[in-house]
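In the text below, chain A, chain B and the rest are named by the order of the sequence lines, each starting its count at 1.
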Amino acid sequence: MFSSDPVVKITDASIFQDQHTVLNNINFEIEKGEFVFLVGRTGSGKSSLLKTLYADLPLRVGDVKIVGHNIRGIKSSEIPMLRRKLGIIFQDFQLFNDRTVAENLMFVMKATGWTDSAKMKARLSEVLMQVGLGSVEKKMPHQLSGGEQQRIVIARALLNEPQILLADEPTGNLDPDVSNGIMRIFQQINKSGTAVLMATHSYGLIKRFPTRILKCEEGKVFDSKVEKFELTNEY
Amino acid sequence: MEQNRRKKKLGGYPAVGVVVSVTLALFVVGLFGLLVIYSQQLEKQVRENIRLQVYLKSNLTENQRLQIENKLLSQQFTSKQAAKAVTYVSKEQAAKNFIAETGEDFIKFIGENPLKDAYLVTIDPAYHTKAQLEKIKTDIQKMNGVFQVYYVEGLIESVNDNVVKIGFFLGGLIVVLLVTVVLLINNTLRLALFSQRFLIRSMQLVGATNWFIQRPFIVRAAGYGVLSGLIASLLMWAMSDYARNKIIDLNLLHNEDQFYVLLILLILIGVIVAVISTFFSIRKYLKMSLDQLY
């Protein structure tokens, strides 16, 4: 594909929540295989930015190009195709508690157009190995720990080999040890060439895994690649 | 057990509740449909009994009489549906009938039979207006050998009046009822689907197409529609059977063909309303943003 094109390219975009502007005049790019943190206080527009990227929030001003799709004026029939190229991980998007891990993942594959059951099974073991949980296929989500559940969620996001993972607080409710484990999985995935955009509150996490940071504050997005800024403890 | 749990969650919405309310709604529609059929049959029978009495002149030959009969039969206004549109009543027959009804032997009294031979002509309902009947009356009166034409004017007018009134009444009720039923079914399914909104949401997030998400719901809704229609039809059939056993006269109004068409209609209405409601309810959730879902 367009190997040199950035995975995400945002030009002069503004993001609205209802009638209010949350973020103004955003400009940044995420290259293939890049790892980027997205920080900012609650209500600073992190989530809205992510939602705009997966076309859940309509983009009204500016241009966003992500994995080859233009978000501005995207047709509703095109949205599923866009989302298949993204890995979406966020708190409201949990596993289905009424079926096993394998069924959860199979369901996603069926919903996204997989038909060959041999290939589906192969892919299923592959992603579970990637998140280091080879033997939980037959378990129900509630039989797993919080960290394990989160890893399954990551595995689910990986199913369609996305070019970028969009993660909103993936370590939100987890203790530091487990968080570190999850972060290492993200790093591994990132090393194999998948870009990651991760929103987080955790100052500790940013300290432990230094990389490029985007900060949402007072309606603007600051980019650590472009300018230096202070990170406070309060996220 | 796992299987059961899955069904409960994915089949998710309260199947029994949906089927029961849709069934009841359809049953009411069915009852009403039956009422419409019966009133139509009643009107038809009343109209078939509206007959023009054509009295013939005395001293007609058999041939002349048959000519008149053929002429009457070939007229446009003569009913094509009625079993015997033109019936001959000879004056002897008329006298017998009269004596049987009154118990008074007027022939002995008068010394001869003063009655005339007559034809009873059933008129096509399309000609059941006062003006047309008047015209038909004068037309027949002009025929050779016809002595006099007579019909009960008041009866036709009151039938016409009542048919219009009943038609308005039934028509109004049908509209109200259909709207109610559609709203009821729509609401039931909408409530039921409310519990599925996060499942729908999750499917959207992984990149399932709208059709993939809608298909199982629509198939299920169609199934519930058929099931409800069948149960409602069965109830209708049982009720109608019982009623006709208890009230024998109802059989006069009962029309098997129309009744079965009605039952099939119930099933169709069930399916169509369920499918369309489901389609639109899901579409509503498909278009909602996450914040609106909560």
Can you tell me how far the [atom1] atom of [X] sits from the [atom2] atom of [Y], to the nearest 0.5 Å?
X: B/Leu286; Y: A/Ser76; atom1: CG; atom2: OG; result: 9.5 Å
X: B/Asn210; Y: A/Ile79; atom1: CG; atom2: CD1; result: 8.5 Å
X: A/Phe96; Y: B/Met203; atom1: CZ; atom2: CE; result: 6.5 Å

Heavy atoms from other residues, nucleotides or ligands near [atom1] of [X] exceed 12 (cutoff 6.0 Å):
X: B/Lys284; atom1: NZ; value: yes
X: A/Glu218; atom1: CD; value: no
X: B/Met239; atom1: CE; value: yes

Next on the checklist: Sort by residue number and list every residue of residues 108-120 of chain A having at least one heavy atom under 4.5 Å from chain B.
Outcome noted: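 The stretch touches chain B at A/Val108, A/Lys110, A/Ala111, A/Thr112.
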Item to check | Per-residue contact mode, A/Ile88 against chain B (heavy atom under 4.5 angstrom) | outcome: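 Only the side chain of A/Ile88 comes within 4.5 Å of chain B.
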Next on the checklist: For a quick test of reading the model, state the closest non-hydrogen atom pair linking B/Gln204 to A/Arg83 and the distance between them.
Outcome noted: O-NH1, 3.1 Å
Checklist outcome for this item: Here the pair of heavy atoms bringing A/Arg84 nearest to B/Thr209 is NH2-CG2, 3.6 Å
Next on the checklist: Taking salt bridge (Lys or Arg N to Asp or Glu O under 4.0 Å) as the definition, give me every residue that meets it alongside A/Arg123, ordered by chain and number, with sequence neighbours left out.
Outcome noted: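 Applying salt bridge (Lys or Arg N to Asp or Glu O under 4.0 Å) to A/Arg123 gives A/Glu126.
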